[in-house]
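Have a look at the structure below, then the notes.
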Amino acid sequence: MLEIKNLSKRYEGGPLALDDVSFDIPQGEFLAVIGLSGSGKSTLLRCINRLIEPTAGDIIWDGINVTEASDDELRTVRRKIGMVFQHFNLVSRSTVLTNVLSGRLGYVNPAMSFLNKFPQEDIDNAHKELERVGIAEKAHQRADELSGGQQQRVGIARAMMQNPAIILADEPVASLDPVLAHSIMQHLEKINKEQGVTILCSLHFLDLVHKYADRAIALNDGKLMYDGPPSGIDDAKFKEIYGKDAERVG
Amino acid sequence: MNNNEKSLKKSLGRGLVIALVLIVFAYAFQVTDVDFGTTRDEVRQTSITRVLRALAHPDIFVYETEELDVEIPFYLPCPEGETPSLPEAPSSEPYITASAACGAAGEILTVEGFNFPTYAQGPLNFVTASGVKKQLEKFQADADGYFIYEIETPNRQPVAEAQAIRATVRTNVGSPKWSDNAIATWEKIIETIFIALLATFIGTLIAIPTSFVAARNLMVENTSPLTSIAFSIIGWIIGLWAGLQAANRLVALFEPIQENLLLGLVGLLVSVGLLYAVLRWSIPAEDSEKKSLGLRIISSLGMVIFSISTVVLFGISFRALGAAMIEPLGIFGFLGNFIFQIGEIVVMLTPGLVGIVTGAILGSILSKIGQRISDNRPAAQVRLTNIILASVAGAALFAILGAGVEWFYQLANPIKTLYIPAAVGAILGLILALTTSAKKPMPTGLIFYTITRTILNGTRSVEPLVMAIVAVIWVGIGPFAGSLALALHTVAALAKLYSEQVESISAGPIEAVQATGANQLQTIIYAVVPQIIPPYISFTMYRWDINVRMSTIIGFVGGGGIGFLLSQNINLLDYRAASAQMLAIAVVVATMDYISSVIREKFV
Ligand SMILES: Nc1ncnc2c1ncn2[C@@H]1O[C@H](COP(=O)(O)OP(=O)(O)OP(=O)(O)O)[C@@H](O)[C@H]1O
Ligand SMILES: [Mg+2]
């Protein structure tokens, strides 16, 4: 259970990027976040694991107040929260395997990880995760030698290595073609359905929201505009979220 | 304003600019003593020609020479009575003839040589009866072995018996040999390369971690509340002091072990083993279960004790081991010396290292306590703690600064160098604690960033040659001084270049690794390091280039290497020898340039 309470974020010298946002996510839900570009989706997701420090409000996760956690506590919180990015954010000069293994950094003995030594169990798991996303044979290639879709699979494998209770996916398919987009979304769906991992995923395309999400929230200018089932986004709501002149596609 | 007026103004302006430029250049000529008249001067022209020719004949090879003397008797002046005649000319061997067999001093004589080896050369001497030579001419035979010169008979005491005109032919026999100068040049150029190598290596080693501290994007996130900072400063100071004391005692205590090499090595092994055991025990493979505070303190204590003993024993026993190895190893004695020097360095650095380690440990423990107080206590209590601790920390810091001033200026006045600074520090700390809100995070990272950058910029602006002069005063004339100076400059220059690379890497991977729960060091190793390897290698090679160049001239100020030889030979006006050194420098610089460009291409 993740509770977001009155969350606000103001970037230095800017307007409110998040304005008093509150919502809950029960464990195991697939929640989509929608909204125009600049509406605050990325800001919201990054506030949850405090890659960005929120200005006000609370994030309660499993009874722990993440916003008040000390550095050590924050790391133990972060390691249970996987994250998948629009631009994959792989370390391009490292191998695929190293990228996947870096998902274990919050768990392993730091001294050993400095020497790039991981327990055999983790290495086996990394291969298993790569197999699950269908790129087992790429393990020893450099990450930047992979195509976009393959890189995003590595991103998912990395997040899964954290044995996460929740995955934050920030527009995971925005830089992929529609076919690839569906296959990535299906991976997330599988993780969600089979392992009960909560998925919090920002999306640009409503058809993806309808197809994969249990529930959707919508942001406009940092304010929460909608919170309910995807099917509840009718034309009126759509105009409220995306503006009067927006046309529905897909 | 009409058009005419405008263009008039324009022209006037232009004229003024031109006049100004002319004045500037005229003055520049004046102050830089430009005087091309001197270049037309006969004396200067011959000397530049001589130097250039000497440079074109580098002193590298020598030959064993064989000398062949060909002479004719000559009377100076002509004896009374009959005029002597020249000896019979042989038909096949080299011989010389003169236009006369006798003459008065200062007379002009034509000397011809026949049958000499092709292009043979050597001196044409006047040899007195007692064997004293005076060179009349330097001859060179033509393709037929013939030469002809006009000479002037020398002004000598008149002697009755025959003296001689002698042509000496020097021919090189056997294969060329390295000249003494070439051998010296070789030794010094090797030294030069190693100065550059050592300086680059050590400089890079220090510059890499420094560059992370000097990178804004890595440091900006490090913030901590005032309570934690004040605690940490106090912890650092106490830890440093205690560590220094303890290490000095320990080194003195273990010193006798040097006598017994075996004991030292065994002690070292035991100490390493214990350290490893404590490490294994205190850091489990998965840090899921938290140890109790007591256990944590015991384990860190164990780590501190065993790391200190390891370092101390390492230094002492390596020193002893190296010293014992130098003799038996013979020509490989330098390996023994290397081990000895490593031990020496460790022994020298031990108190400082131990001080820093204990300071860091105590500082970080206290800083955690401070963090906890700041996190969990009500604001009023935190503020009170801040007021007390910030004053103490400020006083301590400024007292240390005062001690530094005392060391430099030797004022011997504790009021000025201790009490006043301490009071000022305490007041500043107090002001800081009172004016900031109790739990506000302070930009500690940025403070470190600024301090590091300032030091780097200052160091970088000092020329390596100047540093070398200081180093020569410190450690004496020789390659060690040069290496120190170059290494220091390398740290300053590389750390800045490196840190700029760190600042320009893409933030995405860092964000991603942070999001997995990695700590800061893990983030650097997994997200920063892979991104900066290519530029780091490229900059290191670039620096290596510069260091090779620098090490060739650092000898001019006593920093060892080939520059020493070069400056010596230039001062001795031995341009042929200097030419060999310049050639060596050119070859080395070009080769290193090539090698570094190849390596750079491979990695980037
Ligand atoms: N680092 C930053 N500094 C200042 N302002 C920022 C920063 N990041 C985002 N913003 C601002 O905050 C607002 C929300 O940005 P955010 O990136 O969260 O939007 P988004 O919904 O993710 O957009 P997109 O769909 O384009 O990714 C925007 O107005 C943006 O300009
Ligand atoms: Mg975004």
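Chain letters run A, B, ... following the sequence lines, proteins first and then strands; every chain starts at 1.
Ranked by heavy-atom pairs under 4.5 Å with chain B, the first of A:S113, A:S92, A:S94, A:S70 is A:S113. When each of A:G82, A:G103, A:G155 is checked for heavy-atom pairs under 4.5 Å with chain B, A:G103 comes out on top.
Looking at B:I525, the atoms closer than 4.5 Å to chain A (heavy atoms on both sides) all sit in the side chain, from C-beta outward. Looking at B:N519, both its backbone and its side chain come within 4.5 Å of chain A, counting heavy atoms on both sides. Only the side chain of A:L51 comes within less than 4.5 Å of a heavy atom in chain B; its backbone stays farther off. Only the side chain of A:F85 comes within contact range of chain B, judged by heavy atoms closer than 4.5 Å. Neither the backbone nor the side chain of B:Q371 comes within less than 4.5 Å of any heavy atom in chain A. Heavy atoms closer than 4.5 Å to chain B are found in the side chain of A:R158, but not in its backbone.
Residues of residues 500-509 of chain B lying under 4.5 angstrom from chain A, judged on non-hydrogen atoms, are B:G508, B:P509 by number.
Across B:Q514 and A:R78, no two heavy atoms sit closer than the pair O-CD, 3.4 Å. Considering every non-hydrogen atom in both B:E511 and A:N89, the closest pair reads OE1-ND2, 3.5 Å. Annotation for A:N49 and B:A515: closest pair ND2-CB, 3.7 Å, computed over non-hydrogen atoms. Residues A:L105 and B:Q522 share a closest heavy-atom pair of O-NE2, 3.2 Å.
Side-chain contact of A:N116 with B:Y526: a donor-acceptor pair under 3.5 Å is present, judged by distance alone.
Applying the salt bridge (charged side-chain N to carboxylate O under 4.0 Å, His left out) test to every pair with at least one member in residues 530-540 of chain B, sequence neighbours left out, gives no pairs at all.
The OG1 atom of B:T516 lies 10.5 Å from the CZ atom of A:R104; values are rounded to the nearest 0.5 Å.
Shown here is A:F114, whose CZ atom has more than 12 heavy atoms of other residues, nucleotides or ligands within 6.0 Å.
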